[in-house]
Amino acid sequence: MSRKDFSAWAVFGAPLILAVLSLIGLVGALLDDGVWDRIGAAMLAVAIVAAARARFRAGRREA
Amino acid sequence: MKARTIRRWSWVHRWSSLVSTLFLLMLCVTGLPLVFTHEINEVLLRHAWAPANPDGAGLNLDEVLSVALSRHPGDIPAFMSFDEDRPVVNVTSRAPDAPAGQFNFQPIDRTSGDAAPPVAGHPAMEFLLQLHTDMFLGLPGALFLGAMGLLLIVAVVSGVVLYAPFMRRLPFGTVRLDRAARTRWLDYHNLLGAVTVAWVLVVGATGVVNTLATPIIAYWKDTALRDLTVAYDAPVPLTERSSLDAAIERARAALPGMTLQFVAFPGSTYSTDHHYAVFFHGETPLTARMITPALIDARTGELAAVARMPWYVKTLSLSQPLHFGDYGGLGLKIVWALLDLATIVILGSGVYLWLAKRDRRA
């Protein structure tokens with residue numbers, strides 16, 4: 001247990017970026033129809049993609 | 001973070017979650033099909049109905065009204081509303097001596113004046129919606145679910161605080177597949193919690209606001225709207241009323257760029273005894289649920305007032321799309337459903353982690 005703890009940014013940076021993207025997506029799709037609907041859905045989908053990617057990477061390390 | 005601080009936040013996280021989990025699971029499971037209500041109703045209820053003269057000029061609204069009243073002679077008109085995806089006008093009227101709350105509702109084909117079939121959601125979807133809204137318990141049920149929503153917010157905030165000590169030596173996205181089930185599910189719980197935190201907070205907080213819909217609307221009616229809807233003597237007699245079409249045109253001129261939604265006739269719940277109340281809504285997803293009534297003097301046809309929504313009703317209007325996820329097309333709905341599934345996994349893994357820890361202690 002001699003390893004140093006991560007900084008707050010290292011712990012919360014990625015979730016923070018995902019949260020900001022999600023909020024822009026949620027509000028963006030609300031402000032206008034058409035292309036903003038797709039941009040909004042895509043920004044919100046980044047959260048899902050991030051989780052799926054983490055799972056696949058873990059699976060590859062395992063194999 | 002000190003060990004004692006972590007213990008306290010763990011206590012908050014554990015109990016706010018455990019108390020609300022069962023209800024939150026019910027909300028997530030019923031919410032999943034509800035996201036696709038429009039699509040499911042479309043499949044389940046295929047109405048083979050078409051307007052009589054799709055290309056015809058159509059009746060004006062004064063004509064629609066007199067057709068409707070001719071089918072219930074003696075009735076007094078109360079409301080008129082407009083279907084969005086078919087040329088149908090719905091006229092609600094009541095007999096002068098009818099018991100309170102008893103109305104005649106007539107959907108009318110605007111292209112011919114014929115009766116049109118009423119549309120309603122599929123009973124299965126209506127059941128899920130009611131369960132999701134108030135568990136068939138009315139306002140107390142809705143407020144109880146609102147309290148569960150507040151606990152969800154507490155659980156998310158405490159979860160974010162606890163994320164720091166758990167992840168202080170683990171890179172973001174770590175899933176230790178080679179470790180015991182408890183560790184693996186802890187990693188899934190943390191990963192899914194971290195990526196969905198903004199969405200869960202938005203859907204949770206707007207859900208809590210939506211549980212207050214009934215008191216919010218009641219307060220609006222009792223305060224700002226009451227100034228407009230003070231009852232005088234008796235409603236303007238039908239024979240003395242100016243043209244409905246002209247009244248709507250006058251209101252439209254005062255609120256350009258908005259869509260006609262609803263008309264309340266003199267003497268009905270949402271108007272005064274002397275005015276047509278003409279309700280409009282906006283055109284973007286943001287403003288589609290923002291409703292603005294214009295009051296038109298029913299004798300002279302003059303504009304009497306425009307009543308903008310106060311901030312707390314606007315907050316409610318904004319909370320509805322942000323909770324339902326129905327404002328950005330099918331793509332957004334699919335993402336909504338996936339995030340909902342992720343939330344179900346977070347709730348389930350949370351219960352599992354609590355049980356596993358208890359077993360280990362025992």
Side-chain angles (χ1 to χ4, degrees), chain A, chain B residues 1 159-161 163-179 184 187-188 190-203 206 283-289 318 320-323 325-339 341-342 345-346:
Chain A
M1 280 294 164
S2 60
R3 273 190 304 163
K4 241 183 110 196
D5 288 0
F6 289 161
S7 65
W9 174 250
V11 173
F12 284 111
L16 189 66
I17 290 168
L18 289 172
V20 170
L21 283 177
S22 299
L23 290 176
I24 296 174
L26 281 167
V27 176
L30 194 59
L31 291 178
D32 209 354
D33 280 324
V35 71
W36 262 107
D37 282 350
R38 263 162 277 158
I39 296 175
M43 290 180 108
L44 204 55
V46 173
I48 304 279
V49 174
R53 186 167 165 263
R55 172 63 183 80
F56 281 123
R57 287 182 127 198
R60 263 217 314 266
R61 256 196 304 275
E62 184 79 342
Chain B
M1 209 181 284
V160 169
V161 173
Y163 186 75
F166 275 108
M167 299 300 287
R168 62 189 168 163
R169 283 176 196 143
L170 294 172
F172 171 76
T174 299
V175 183
R176 290 166 288 182
L177 289 176
D178 52 340
R179 302 279 289 274
R184 200 165 61 235
D187 286 346
Y188 279 133
N190 284 336
L191 171 63
L192 291 175
V195 302
T196 59
V197 63
W199 180 83
V200 170
L201 278 179
V202 167
V203 173
T206 53
E283 303 255 338
T284 68
L286 180 68
T287 58
R289 289 167 193 272
L318 250 180
Q320 289 171 339
L322 280 173
H323 186 74
D326 59 354
Y327 59 94
L330 192 57
L332 190 68
K333 288 183 180 186
I334 291 169
V335 178
W336 221 263
L338 291 172
L339 288 164
L341 286 170
V345 175
I346 297 170

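Just so we're on the same page: letters track the sequence lines, and every chain starts at 1.
Highest contact tally toward chain A, considering only Gly193(B), Ala164(B), Pro321(B), Ala342(B), is held by Ala164(B) [criterion: heavy-atom pairs under 4.5 Å]. For the options Ile17(A), Ile48(A), Leu16(A), heavy-atom pairs under 4.5 Å to chain B are most numerous at Ile48(A). The greatest number of non-hydrogen atom pairs below 4.5 Å with chain A, out of Val197(B), Leu339(B), Leu201(B), Thr284(B), is found for Leu339(B).
Taking both residues in full, the closest heavy atoms of Arg55(A) and Tyr188(B) are given as NE-OH, 2.5 Å, listed atom of the first, atom of the second, then distance. Nearest heavy atoms, Arg169(B) versus Lys4(A): CG-O, 4.1 Å. The two residues Arg168(B) and Asp5(A) come nearest to each other via the heavy atoms CD-OD2, 3.5 Å. Minimum heavy-atom separation, Ala54(A) to Gly173(B): CB-O, 3.3 Å. For the pair Ala50(A) and Val195(B), the tightest heavy-atom approach, listed with the atom from each and the gap, is CB-CG1, 4.3 Å. Between Leu18(A) and Phe172(B), the closest heavy-atom pair is CD1-CZ, 3.9 Å.
Around CZ of Arg53(A), the count of heavy atoms belonging to other residues, nucleotides or ligands within 6.0 Å does not exceed 12.
When heavy atoms are compared at a cutoff of 4.5 Å, Leu322(B) approaches chain A solely by way of its side chain, counted from C-beta outward. Proximity to chain A is absent for every atom of Phe166(B), based on heavy atoms less than 4.5 angstrom apart. Heavy-atom distances place the side chain of Val202(B), and not its backbone, under 4.5 Å from chain A.
In this structure, OH on Tyr327(B) lies 4.5 Å from CG on Leu26(A), to the nearest 0.5 angstrom. The structure places CG of Leu332(B) at 13.0 Å from CE of Met43(A), a figure rounded to the nearest 0.5 Å.
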